[in-house]
Enquirer: 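Structure below; questions to follow.
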Amino acid sequence: MDINLYLDADPDQREQQIGAFQSSHDEWQEYKRILQLHETNAVTLTDDDVKQLLGEESNKKDDGTKLTLKSLAHSLFQPGMKFIGTICIPSLGDDVRHAHDSDSDDGDDTVIIDTVNDVDTVNDEQPDDNAGENTATDSDAQLETVDRTTTSANASGVEQYELVILEKGTDEFGNDFILGAHTAYHDTQCVHINYHIRDANGQTSEEVLDIEYEDEETCIKGSWNPSSCCLEGYVRQRLQANDGAFHTSDEVTHVFTLYPCTNQCPRGRGVRNEQSSFQDDLLSPKTRAVVELRNRANSKGFESADNYNDLFKPDGLKIEIEDLQTLKHRRALTATDNVQIRSIWKLRESNWEDLSNCCSMISEKTCARFRYRTSLLDRASFESGEEQRVFFEKWKRVGFCLAKAHAEWDSCDNSTARVFSIAFVLCRNLQIVSSSLQSMMYKSRRLGQNYDMLESSWRRANARKPTDFLTQFEVSSHEVSRQFTCSICFEGLANEGDEDLTMALYRLPCSHCFHGVCLQKWFHNSHVTCPICRAPVTDPDKK
């Protein structure tokens, strides 16, 4: 691998950058250590910890009123919230059943999912192998139980599923967004999460909280189950059509459950205090403190990766990888070591595995941004050519152009390569080095694939015909024979006895006729020919 690295030539600036990286790195590792202890019930946050994390917010208490779905969604989708549950193929679980939704016009999806055995459920029977001997700590016993039940779950086709909320904010166009990272089958991808509250089906007056998000291969939809206090849903595959656009398949490939991780249930599912309800646990200061702690850990991880990359400048002191090869097995510096070696030596205690994973997450965040922009482009429609021109000018002005996206792709690749290059010579764990290399290659390929999707959507949207272009082909229903059918939907164009003849009908220059709605959908995907004869559709006035 041919990677050139250059350190900042200014010694004061270089030392300041190394200090900033070490400081953020140490804070990040301390946050992660506390979180790991909390998730294994080995440590509980004290009141002082809560006050330090939340400040004056630590005094805020639940007023006892029933939690509304809007308030629930606000609490569930805060940066730092974590969900843990299971995911499996429907046919593999006898306890799993689902109702296939019909994708009705109102977009209402109905899903019924029974309980799936959680990989974190503690078996009633505990092993007696060490009876009469020194017993393990509670945290060790729980970890052993989790490992045992996880192995059993994997053997039955049920895998652990996680979702973590990373960011919440507003994009360059003023749209609210929620960025999360979900992990299943040893693969982590960042996703933009959408949620909305709708009226329930049937005669009940209750409302339902729905969620939806997409990664590179799948579309995930689910709903909040108030009786089980978890999210339940299903997964479908995203398929790419010949026109380059992605469509969601009708077949449900997986079903899932996700339980929010709270103070009393740090692994998502567990037994709460007899005096505490789910609402009390979710809104408690300690749960909010744990969420804030995880948010700070995530932020410090990304900050550490940024500080690490700030160490390297394109016009600084070149680092010869060959000169660093001996550092892996050395215990001290020598008088002959140059400035570059002495600077890199200070990084030897870094957690290269976590740093590599953080750079991978940065790549995944970039992939999610590419997919988000792709979805905006695929949904964009234009009333006129002027509106289309203004749309793309605005995209370029906020930095959403293809050149900027390609620069983001290059930046992620370079960031991951810098981490791997130094880890390769300093990390003594060959397994970490090997996994970092595989991750770097895999994330680079995924970045390229998501960039290609973005570029394809950009070109389709740029070539999309505006609505006013099609209106010149509109004809009256009386001008169309009742024997003709629309070749897109295969419905009659003007059925005899119809009272509503106001549906727009279009006749293309080749004389083929279609419903206006059907033809607009056809041209929305950047088709520029007749659906039947493939004759080019051009402006008659320009002939």
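Source: prediction; values computed, not measured.
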Enquirer: Judged by modelled atom types alone, do Ser277 and Asp280 share a side-chain donor-acceptor pair under 3.5 Å?
Expert: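 Asp280 and Ser277 do have a side-chain donor-acceptor pair below 3.5 Å.
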
Enquirer: Under the side-chain hydrogen bond (donor to acceptor under 3.5 Å, both in side chains) criterion, do Thr262 and Thr287 qualify, and how do the steps go?
Expert: CA-CA 5 Å; Thr262 61; Thr287 292; 4.7 Å; no

Enquirer: Pick out which of Phe370, Tyr372, Trp395 makes a ring pair (Phe, Tyr, Trp, His ring centres under 6.0 Å) with Phe400.
Expert: Trp395

Enquirer: Should we count CD of Gln52 as having more than 12 external heavy atoms under 6.0 Å?
Expert: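 Not buried by this count: 12 neighbours or fewer within 6.0 Å.
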
Enquirer: Please identify each residue that fulfils ring pair (Phe, Tyr, Trp, His ring centres under 6.0 Å) with Tyr195, with sequence neighbours left out.
Expert: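 Tyr195: ring pair (Phe, Tyr, Trp, His ring centres under 6.0 Å) contacts with Phe77.
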
Enquirer: Would a distance-only check, ignoring hydrogens and angles, find a side-chain to backbone donor-acceptor pair under 3.5 Å from Asp171 to Asn175?
Expert: yes

Enquirer: Can you check whether Tyr213 reaches Leu163 side chain to side chain, under 4.5 Å on heavy atoms?
Expert: yes

Enquirer: Between Gln29 and Asp354, does any side-chain donor sit less than 3.5 Å from a side-chain acceptor?
Expert: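 Note: Gln29 and Asp354 side chains meet the donor-acceptor criterion.
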
Enquirer: Under 3.5 Å, side chain of Ser444 to main-chain N/O of Met440, donor-acceptor pair present?
Expert: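 The answer is no, because no donor-acceptor pair under 3.5 Å joins these two groups.
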
Enquirer: Does any N or O in the side chain of Ser304 come within less than 3.5 Å of the main-chain N or O of Lys300, such that one atom is a donor and the other an acceptor?
Expert: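 Answer holds: yes.
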
Enquirer: Ring pair (Phe, Tyr, Trp, His ring centres under 6.0 Å) for Trp224 and Phe278? Distances and angles first, verdict last.
Expert: CA-CA 13 Å; Trp224 176 255; Phe278 168 75; 5.7 Å; yes

Enquirer: Would you check if there is a donor-acceptor pair between the side chains of Gln78 and Glu292 at a distance under 3.5 Å?
Expert: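 Short answer, no.
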
Enquirer: Between Glu217 and Arg371, is the closest basic N to carboxylate O distance under 4.0 Å?
Expert: no

Enquirer: Scan for salt bridge (Lys or Arg N to Asp or Glu O under 4.0 Å) pairs involving residues 179-189, sequence neighbours excluded, and state none if there are none.
Expert: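 Salt bridge (Lys or Arg N to Asp or Glu O under 4.0 Å) check on residues 179-189 returns Asp187-Arg446.
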
Enquirer: Would Asp8 and Gln13 count as a side-chain hydrogen bond (donor to acceptor under 3.5 Å, both in side chains) here? Give the steps.
Expert: CA-CA 7 Å; Asp8 195 319; Gln13 186 72 14; 4.9 Å; no

Enquirer: Looking only at side chains, do Ser284 and Asn263 share a donor and an acceptor under 3.5 Å apart?
Expert: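 No, no side-chain donor-acceptor pair sits under 3.5 Å.
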
Enquirer: Within a strict 4.5 Å, meaning less than it, do heavy atoms of the Cys219 and Glu214 side chains meet?
Expert: yes

Enquirer: Scan the side chains in residues 176-186 for donor-acceptor partners under 3.5 Å anywhere in the protein, sequence neighbours excluded, and list what turns up.
Expert:
from   : atom 1 : to     : atom 2 : distance (Å)
Asp176 : OD1    : Thr170 : OG1    : 3.3
His182 : ND1    : Tyr161 : OH     : 2.9
His182 : NE2    : Asp215 : OD2    : 3.0
Thr183 : OG1    : Thr188 : OG1    : 2.8
Tyr185 : OH     : His254 : NE2    : 3.4

Enquirer: Should Asp12 and Gln16 count as side-chain neighbours, where that means a heavy-atom distance under 4.5 Å?
Expert: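 The answer is no, as the side chains (C-beta and beyond) never meet within the 4.5 Å cut-off.
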
Enquirer: What pairs of residues pass the ring pair (Phe, Tyr, Trp, His ring centres under 6.0 Å) test when at least one of them lies in residues 5-30, not counting sequence neighbours?
Expert: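 Residue pairs with at least one partner in residues 5-30: Phe21-His25, Phe21-Tyr308.
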
Enquirer: Can you name the residues that form a ring pair (Phe, Tyr, Trp, His ring centres under 6.0 Å) with Tyr451, not counting sequence neighbours?
Expert: His406, Trp409

Enquirer: Using only heavy-atom distances, determine whether the side chains of Ser421 and Arg418 contain a donor-acceptor pair under 3.5 Å.
Expert: no

Enquirer: Just jot down the side-chain contact (heavy atoms from CB on, under 4.5 Å) partners of Ser363, sequence neighbours excluded, or say none.
Expert: Cys412, Thr416, Lys443, Leu447

Enquirer: Would you mind reporting whether His38 and Val290 have side-chain heavy atoms less than 4.5 Å apart?
Expert: yes

Enquirer: Kindly indicate whether the side chain of Ile87, heavy atoms from C-beta on, has any atom under 4.5 Å from the side chain of Thr257.
Expert: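 In short, these two side chains do not touch, never coming nearer than 4.5 Å.
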
Enquirer: Does any N or O in the side chain of Gln160 come within less than 3.5 Å of the main-chain N or O of Thr86, such that one atom is a donor and the other an acceptor?
Expert: no

Enquirer: Please check: side-chain N/O of Arg342 versus main-chain N/O of Asp337, any donor-acceptor pairing under 3.5 Å?
Expert: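 A pair under 3.5 Å: yes.
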
Enquirer: Within a strict 4.5 Å, meaning less than it, do heavy atoms of the Ser436 and Val419 side chains meet?
Expert: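 They are not in side-chain contact.
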
Enquirer: Glu212 and Asn194: side-chain donor and acceptor closer than 3.5 Å?
Expert: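 On atom types as modelled, these side chains do not qualify, holding no pair under 3.5 Å.
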
Enquirer: Under a 4.5 Å cut-off applied to non-hydrogen side-chain atoms, are Phe83 and Glu162 in contact?
Expert: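 Heavy-atom side-chain distance check fails, nothing below 4.5 Å.
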
Enquirer: Tell me if the aromatic rings of Phe424 and Trp352 count as close, with their centers under 6.0 Å from one another.
Expert: no

Enquirer: Could you tell me whether Arg238 and Glu216 have a side-chain N and a carboxylate O separated by less than 4.0 Å?
Expert: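 Looking at Glu216 together with Arg238, the answer is no, because their closest N to O distance does not fall below 4.0 Å.
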
Enquirer: Is Val164 close to Arg294 at the side-chain level, that is, under 4.5 Å between some pair of heavy atoms?
Expert: yes

Enquirer: Just checking, is any N or O donor in the side chain of Thr46 or Asp49 under 3.5 Å from an acceptor N or O on the other one?
Expert: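 There is such a pair (donor and acceptor under 3.5 Å, judged by atom type) between the side chains of Thr46 and Asp49.
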
Enquirer: Strictly below 4.0 Å, N to O, side chains only: are Glu27 and Lys32 in salt-bridge contact?
Expert: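 Salt bridge absent between Glu27 and Lys32.
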
